[in-house]
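Everything numeric in this text was worked out from a predicted model, so none of it was measured.
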Amino acid sequence: MIGNPRRWAPLLAGLVLLAGCGAGDPVAAPAGHGDHGTGPAADAVVNCGVDVPVQRPERVVAMFQNGIEAVLALGAGDRLVSAAYLDNPLPAQLDPDFRPQDYWPEEYPSREEVLRVDPDLVVSGFTGAFTREGLGTRAELGATGTETFLFSAYCPTADGGDQQSIGDNDVSFAGVERDLTDLGRLLGAEDRAAQVVAGMRGTLADVAARLDGVTDRPRVAMLNSPGSTGELRVFGTGDVATTIIEAAGGRQAFDTVAGRQRTVSLEGVVAASPDVIVIPACCGRDVGPEGAEPLAQRLRNDPALATVPAVRDGKVFTTTFAEISPGIRNADAVATLARRLHPDQFGG
């Protein structure tokens, strides 16, 4: 492949790495892969156990809403050559900067399609991008000279792991802030990252001040129904959705369900007895909160759920998938949910 003069040295190093690991085996992430451990070298960021060199990329590919929005919010839209898989409309202030030469709206592009645009850095909001079914493992991409960055809430237990292999990661807002700070460093946008983080902290501090002394914490369930199967899935513990619920003055209704998007039955919803149900809409660049209304109506009208407090009391709400994925929208998501849970604290 021509272009990207940084490719050849990493390619040789990557070939040695792959030879040592075996062609079919994922590279295991070291213990503590979700945090910084002893810290990276001065010129690298440790991300999910992978050393990512701090070399300002000129050609960036971003995967998923939170990855795309982070790149845009950090002022690197002019370097975004390709992007994939928006779940919802972009924030109005970022939309004009979204001008990639290639955009794949439905699903992952092939590895060959991504490498054809000669990226220096691939940023992904979710682990599925870095699997052999997606773009390839991070080690495999690194062997081509392409660096990678993954939001650390979704670090797999081993390189190449999918959604089912997510480890016990940091899903706090501090973790999200660290990701944005690290990505800002990689993009040469430290000041911009500091501004984004400061804005998020300010919003969270305002909500915390308004909820000071509030003891009533409604039970909140975040549910969706992806695909055409009709099955319900819940965003449980070990996901930033729970962090959002708790910061907004609520309690996770499914506090015994670990992980994200776990299948749940109607009986399970009845047993959890949520006071509030929030349904995130997905998936498409033009799909706003109204995209979740069909599921909301299904739950409101289901006789089996008639005694569930959220249904009985008319507290089934919609939001966007973008708001409950780790990224720049999380603080605003907290403020929105807090107003629904505790309207009196926000002027009615």
Side-chain angles (χ1 to χ4, degrees), residues 1-15 17-18 44-45 47-48 50-90 94-151 154 159-160 179 182-189 192 283-285 322 325 327-328:
M1 177 174 292
I2 61 175
N4 195 349
R6 296 191 297 162
R7 285 194 180 282
W8 302 107
L11 174 59
L12 294 176
L15 290 174
L17 175 62
L18 290 174
V45 163
N47 171 244
C48 294
V50 176
D51 284 357
V52 187
V54 178
Q55 303 176 85
R56 185 181 188 274
E58 296 303 323
R59 299 179 65 79
V60 180
V61 171
M63 310 290 291
F64 297 104
Q65 188 95 20
N66 50 344
I68 293 169
E69 289 186 356
V71 170
L72 296 176
L74 295 176
D78 59 336
R79 290 177 275 157
L80 183 66
V81 293
S82 297
Y85 216 30
L86 283 170
D87 297 314
N88 305 111
L90 288 164
L94 299 182
D95 192 68
D97 297 327
F98 185 67
R99 301 185 302 274
Q101 65 187 53
D102 296 302
Y103 171 59
W104 298 281
E106 298 297 332
E107 195 40 277
Y108 303 115
S110 69
R111 181 182 181 187
E112 290 73 24
E113 286 177 300
V114 168
L115 293 181
R116 194 174 297 129
V117 303
D118 199 23
D120 303 302
L121 178 68
V122 177
V123 177
S124 181
F126 294 93
T127 189
F130 300 132
T131 64
R132 291 193 172 94
E133 295 73 31
L135 305 182
T137 70
R138 297 182 73 181
E140 289 168 344
L141 289 168
T144 72
T146 300
E147 304 298 342
T148 53
F149 183 89
L150 172 64
F151 273 67
Y154 302 123
D159 186 22
D179 283 343
D182 285 348
L183 185 56
R185 187 175 172 214
L186 293 175
L187 293 172
R192 193 73 168 260
C283 299
R285 190 178 180 183
S325 302
I328 65 167

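- Contact of the F98 side chain with the L86 side chain is registered, since non-hydrogen atoms from C-beta on lie closer than 4.5 Å.
- By the 4.5 Å heavy-atom criterion applied to side chains, T148 and E140 are not counted as neighbours.
- Considering only heavy atoms from C-beta on, L187 comes within 4.5 Å of V60 through its side chain.
- Note that the CG atom of N47 and the CG atom of L183 stand 9.0 Å from one another [nearest 0.5 Å].
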inquiry  = Applying side chain to side chain contact (heavy atoms under 4.5 Å, CB included) to F126 and S325, what does each step give before you reach the verdict?
reply    = CA-CA 9 Å; F126 294 93; S325 302; 3.6 Å; yes
ask   = Does the pair V54 and V45 meet the rule for a side chain to side chain contact (heavy atoms under 4.5 Å, CB included), with working shown?
value = CA-CA 7 Å; V54 178; V45 163; 4.1 Å; yes
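- When every heavy atom of D51 is checked against every heavy atom of E147, the shortest pair comes out as O-OE1, 4.5 Å.
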message = Walk me through whether I328 and L72 qualify under side chain to side chain contact (heavy atoms under 4.5 Å, CB included).
response = CA-CA 10 Å; I328 65 167; L72 296 176; over 6 Å; no
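- For the atom pair Y85 OH and I68 CD1, the distance stands at 11.5 Å (nearest 0.5 Å).
- Contact of the F130 side chain with the S124 side chain is registered, since non-hydrogen atoms from C-beta on lie closer than 4.5 Å.
- To the nearest 0.5 Å, atom CG of residue L186 and atom CD of residue Q55 are 10.0 Å apart.
- For the atom pair CG of D159 and CZ of R138, the computed distance is 7.0 Å after rounding to the nearest 0.5 Å.
- Nearest heavy atoms, F151 versus G67: CE1-CA, 4.1 Å.
- Side-chain contact check for D102 versus E113: every heavy-atom pair is 4.5 Å or farther apart.
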inquiry  = For a side chain to side chain contact (heavy atoms under 4.5 Å, CB included) check, start with the C-alpha distance between T146 and L121, then their side-chain angles and the critical distance, and finish with the verdict.
reply    = CA-CA 6 Å; T146 300; L121 178 68; over 6 Å; no
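- Panel note: side chain D120, backbone R59; a donor-acceptor pair is recorded below 3.5 Å.
- Annotation for P109 and V114: closest pair CG-CG2, 3.5 Å, computed over non-hydrogen atoms.
- Rounded to the nearest 0.5 angstrom, F64 CZ and L150 CG are separated by 10.0 Å.
- In this structure, the side chain of R192 does not engage the main chain of A76 through any donor-acceptor pair within 3.5 Å.
- L90 is listed as a side-chain neighbour of Q65, based on a closest heavy-atom distance under 4.5 Å.
- A83 and L80 make their closest contact through CB-CD2, 4.4 Å (heavy atoms, listed as atom of the first residue, atom of the second, distance).
- In this structure the side chain of R79 reaches within 4.5 angstrom of the side chain of P57, judged on heavy atoms.
- For the pair L135 and V122, the minimum side-chain heavy-atom distance is below 4.5 Å.
- Taken to the nearest 0.5 Å, the CZ atom of R185 stands 14.5 Å off from the CG atom of L74.
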